[in-house]
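Contents: one structure, followed by commentary.
Side chains included, hydrogens not; waters and symmetry mates left out as well; all remaining heavy atoms used.
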Amino acid sequence: MFRLSSLILERNLKSENTIQFQLNSETSDNAEKEISGRIPNFLFAFLRWSGLVENSDNKVKQRLSSRIFDILLFVICVDVTVSTVINSRNVHWKLIVAYLSYPIVSAIVWYEMRLKRKLITSLLQNVPVVNSSFYEKVINFAVFINYFTSLIVPAILISTVVNPEFLTFFVYRYEIKISWLLSVMGILKGSLYYLLYPCVPNIVAIFYIYLCWCCSIHINDLAKDIAKYSPEEFDQSKQLDIMKKKANICRDLQNIQNIFSSPMFLIIVGNFLMCSSVLGGVLINVKFSGGDTIFVFYFIDAILCVITSLWVGGSVPVAMSRFKERFHQTTHERLLYYHATENELHLKINLLNEPDFVLTGCNILPFKKSTVVTLIGTLLTYTVLIANTN
């Protein structure tokens, strides 16, 4: 009798565990579908398979791929550092320090993003949806180009190398007499180096740009909604509705700031140092054995990443200022001609007394459009000073 009861209890427990597992799996799938409907497909695919979305850990394939990706980035970072040090003969130490900064910064950015995947998942579940195929196509195209260049650019650059000695960079200066094998290793390692930089920082920057883009679009939409009402129609209930929507967007912006403050600061610093190393090499007339093409490409990629990130991030305070101006104008006319209530006055005063929200990098670098000019001027000035310092 006791034996039978034990078997029945064990069977019930197994049944309950199976049902619970199925419920958790269904919940995870539903959450993943909800997130995938909020961001472009190519971007979501990278976030899912690389482990930046917490729900992806519930699936074995995605959990395995994320672990492999983590290990691969670490190995690439060590390899490119060792290769650069070994091949640093007759190259100024200032250039070596600047050049080595980018793989280290890229690895730090990635692992910091991985530590924040719970916050990222929560943010993606609440981020406002932009109902426009144009923005989705732009982001998907940017992600696709980033993937595509990681395969094509190394192959093109290796195939155009005139001096075969340059390819020994990828094999720690060991002499390999089989030229095709050396070229294949150069293309393979070049693709992996590109994955570490600039592929990973670019994806993080594109992710950040998309989130800022969504928030600025929704803030502008709120300003347009206010413009639809006449001062007489814009009563307290409509004002409260607008302010609640704005509060949700501000909460998302604060989450974006918490997640991306350090990573974006490091990305901009890394790209800044890359640009500085290339400009410094030009100023002190360094002759690169592999040609100048790869460094021109890195310079263009770095400067575009910095400018785009600052420009789109700087669109948020511009949109917020436009919203405040529209709200103030409509409520002011209502106060003059339609005798607004005391509660409406409190709403208006509270909005106008709010400090301007500006996204920053580690509370050091403000993401404003004006920062683009300042940063470019700083790049040119300090690169010249450091290059001319004995």
> Would you call Phe297 and Tyr194 a side-chain contact if the rule is heavy atoms closer than 4.5 Å?
Replying inline: yes
> Checking Asn353 side chain against Ile349 main chain: does a donor-acceptor pair fall under 3.5 Å?
Replying inline: yes
>> With a sphere of 6.0 Å drawn around OH of Tyr111, does it hold more than 12 non-hydrogen atoms of other residues, nucleotides or ligands?
In response: yes
> Do Trp110 and Phe69 have ring centres separated by under 6.0 Å?
Replying inline: yes
>> Side chains of Asn41 and Glu136, heavy atoms from C-beta outward: is any pair under 4.5 Å?
In response: yes
>> Tell me every residue that passes ring-ring contact (aromatic ring centres under 6.0 Å, His included) with Tyr135, counting only those two or more places apart in sequence or in another chain.
In response: Trp213
> Within the side chain of Arg114, is there an N or O that forms a donor-acceptor pair under 3.5 Å with the backbone of Gly51?
Replying inline: yes
>> Can you confirm whether more than 12 heavy atoms, excluding those of Glu354, are under 6.0 Å from its CD atom?
In response: yes
>> Count I, L, V, M, F, W, Y as connected when their side-chain heavy atoms are under 4.5 Å apart, and connections chain through other members. Are Leu335 and Leu347 then in the same cluster?
In response: no
>> For the backbone of Ser230 and the side chain of Glu233, can you confirm whether one donor and one acceptor N or O come within less than 3.5 Å of each other?
In response: yes
> For the atom pair CG (Leu211) and CG (Leu43), what is the distance rounded to the nearest 0.5 Å?
Replying inline: 8.0 Å
>> Quick check: is Phe74 connected to Leu72 through a chain of hydrophobic side chains (ILVMFWY, heavy atoms under 4.5 Å apart)?
In response: yes
> Within the side chain of Arg334, is there an N or O that forms a donor-acceptor pair under 3.5 Å with the backbone of Pro231?
Replying inline: yes
>> Taking the side chain as everything from C-beta on, heavy atoms only, tell me whether Leu375 gets closer than 4.5 Å to Ile268.
In response: yes
> Is it true that Phe265 and Phe260 have ring centroids separated by less than 6.0 Å?
Replying inline: no
>> On a heavy-atom basis, which atom in Cys362 and which in Ser261 lie closest, and how many Å separate them?
In response: N-OG, 2.7 Å
> CG of Leu115 to CD1 of Ile259: how many Å apart, nearest 0.5 Å?
Replying inline: 12.5 Å
> With hydrophobic residues grouped by side-chain heavy-atom distances under 4.5 Å, do Leu195 and Leu188 end up in a single group?
Replying inline: no
>> List the residues meeting ring-ring contact (aromatic ring centres under 6.0 Å, His included) with Phe327, not counting sequence neighbours, and say none if there are none.
In response: Phe234
>> Can a donor-acceptor pair be found, under 3.5 Å and without considering hydrogens, that links the side chain of Ser321 to the backbone of Pro317?
In response: no
> What distance do Met243 atom CE and Leu222 atom CG have between them, rounded to the nearest 0.5 Å?
Replying inline: 10.0 Å
>> Walk me through whether Ile139 and Phe42 qualify under side chain to side chain contact (heavy atoms under 4.5 Å, CB included).
In response: CA-CA 8 Å; Ile139 296 299; Phe42 286 3; over 6 Å; no
>> So does Phe170 get a backbone contact from the side chain of Lys189, meaning a donor-acceptor N/O pair under 3.5 Å?
In response: yes
> Is a side-chain donor or acceptor of Ser122 paired with a backbone partner of Lys118 at a separation under 3.5 angstrom?
Replying inline: no
> Would you say the side chain of Leu266 lies within less than 4.5 Å of the side chain of Ile104, judging by non-hydrogen atoms?
Replying inline: no
> Can you name the residues that form a side-chain hydrogen bond (donor to acceptor under 3.5 Å, both in side chains) with Asn363, not counting sequence neighbours?
Replying inline: Thr360
> Heavy atoms, side chains only, cut-off 4.5 Å: are Ile242 and Phe323 in contact?
Replying inline: yes
>> Can you give me the closest heavy-atom contact between Leu351 and Lys324, atom names plus distance?
In response: O-CE, 3.6 Å
> Just how far is it from atom OG1 of Thr331 to atom OH of Tyr229, taken to the nearest 0.5 Å?
Replying inline: 14.5 Å
> If every non-hydrogen atom of Ser50 is compared with every non-hydrogen atom of Ser66, which pair is closest and at what distance?
Replying inline: O-CB, 3.5 Å
>> Salt bridge check, Lys348 against Glu344: does any charged N sit closer than 4.0 Å to a carboxylate O?
In response: no
> Any idea which heavy atoms bring Leu196 and Pro103 closest together, and the distance?
Replying inline: CD2-CB, 3.5 Å
>> Distance check, rounded to the nearest 0.5 Å: Thr371 atom OG1 versus Trp311 atom CH2?
In response: 11.0 Å
> Among Asp79, Val80, Thr81, Ile86, which residue meets the side chain to side chain contact (heavy atoms under 4.5 Å, CB included) test with Ser83?
Replying inline: Asp79
> Hey, are the side chains of His218 and Asp252 touching, using non-hydrogen atoms and a 4.5 Å cut-off?
Replying inline: no
>> Checking Val53 against Arg117 for the side chain to side chain contact (heavy atoms under 4.5 Å, CB included) test, could you report, in this order, the C-alpha distance in whole Å, the side-chain angles of both residues, the deciding distance, and whether it holds?
In response: CA-CA 6 Å; Val53 180; Arg117 56 202 178 105; over 6 Å; no
> Is a side-chain donor or acceptor of Ser315 paired with a backbone partner of Ser216 at a separation under 3.5 angstrom?
Replying inline: no
>> Exactly one of Val306, Ile303, Ile267, Thr378 should register a side chain to side chain contact (heavy atoms under 4.5 Å, CB included) with Phe272. Which one does?
In response: Thr378
>> Tell me if the centroids of the rings in Phe367 and Tyr208 come within less than 6.0 Å of each other.
In response: yes
> What are the two closest non-hydrogen atoms of Ile249 and Ile219, and how far apart are they?
Replying inline: CG2-CG1, 3.7 Å
> Quick one: do Met185 and Val78 end up in the same hydrophobic cluster if we chain Ile, Leu, Val, Met, Phe, Trp and Tyr together by side-chain heavy atoms under 4.5 Å apart?
Replying inline: yes
> Do the side chains of Met264 and Ile364 join up, straight or via other hydrophobic residues, at under 4.5 Å, putting them in one cluster?
Replying inline: yes
> Quick one: which of Asp301, Asn271, Asn202 gives a side chain to side chain donor-acceptor pair (under 3.5 Å) with Tyr197?
Replying inline: Asn271
> Given Leu310 and Lys368, is the side chain to side chain contact (heavy atoms under 4.5 Å, CB included) satisfied, shown in steps?
Replying inline: CA-CA 6 Å; Leu310 292 175; Lys368 294 182 177 181; over 6 Å; no
> Are Met320 and Lys246 close enough, and set up right, to give a side chain to side chain contact (heavy atoms under 4.5 Å, CB included), and what steps lead you there?
Replying inline: CA-CA 9 Å; Met320 196 70 74; Lys246 175 188 167 293; 3.8 Å; yes
> So, does Asn255 use its side chain to make a donor-acceptor pair with the main chain of Leu123 at under 3.5 Å?
Replying inline: no
> Below 4.5 Å, heavy atoms only, C-beta onward: do Thr149 and Ile145 meet side chain to side chain?
Replying inline: yes
> How far apart are the closest heavy atoms of Asn258 and Lys116, and which atoms are they?
Replying inline: O-NZ, 3.3 Å
>> Which label fits His332 and His328: parallel for a plane angle under 30°, tilted from 30 to 60°, or perpendicular past 60°?
In response: parallel
> So, do Val204 and Met113 sit near enough that their side-chain heavy atoms are less than 4.5 Å apart?
Replying inline: yes
>> Rounded at 0.5 Å granularity, tell me how far CD in Gln257 sits from SG in Cys212.
In response: 9.5 Å
> With a 4.0 Å cut-off, would you call Lys238 and Asp225 a salt bridge?
Replying inline: no
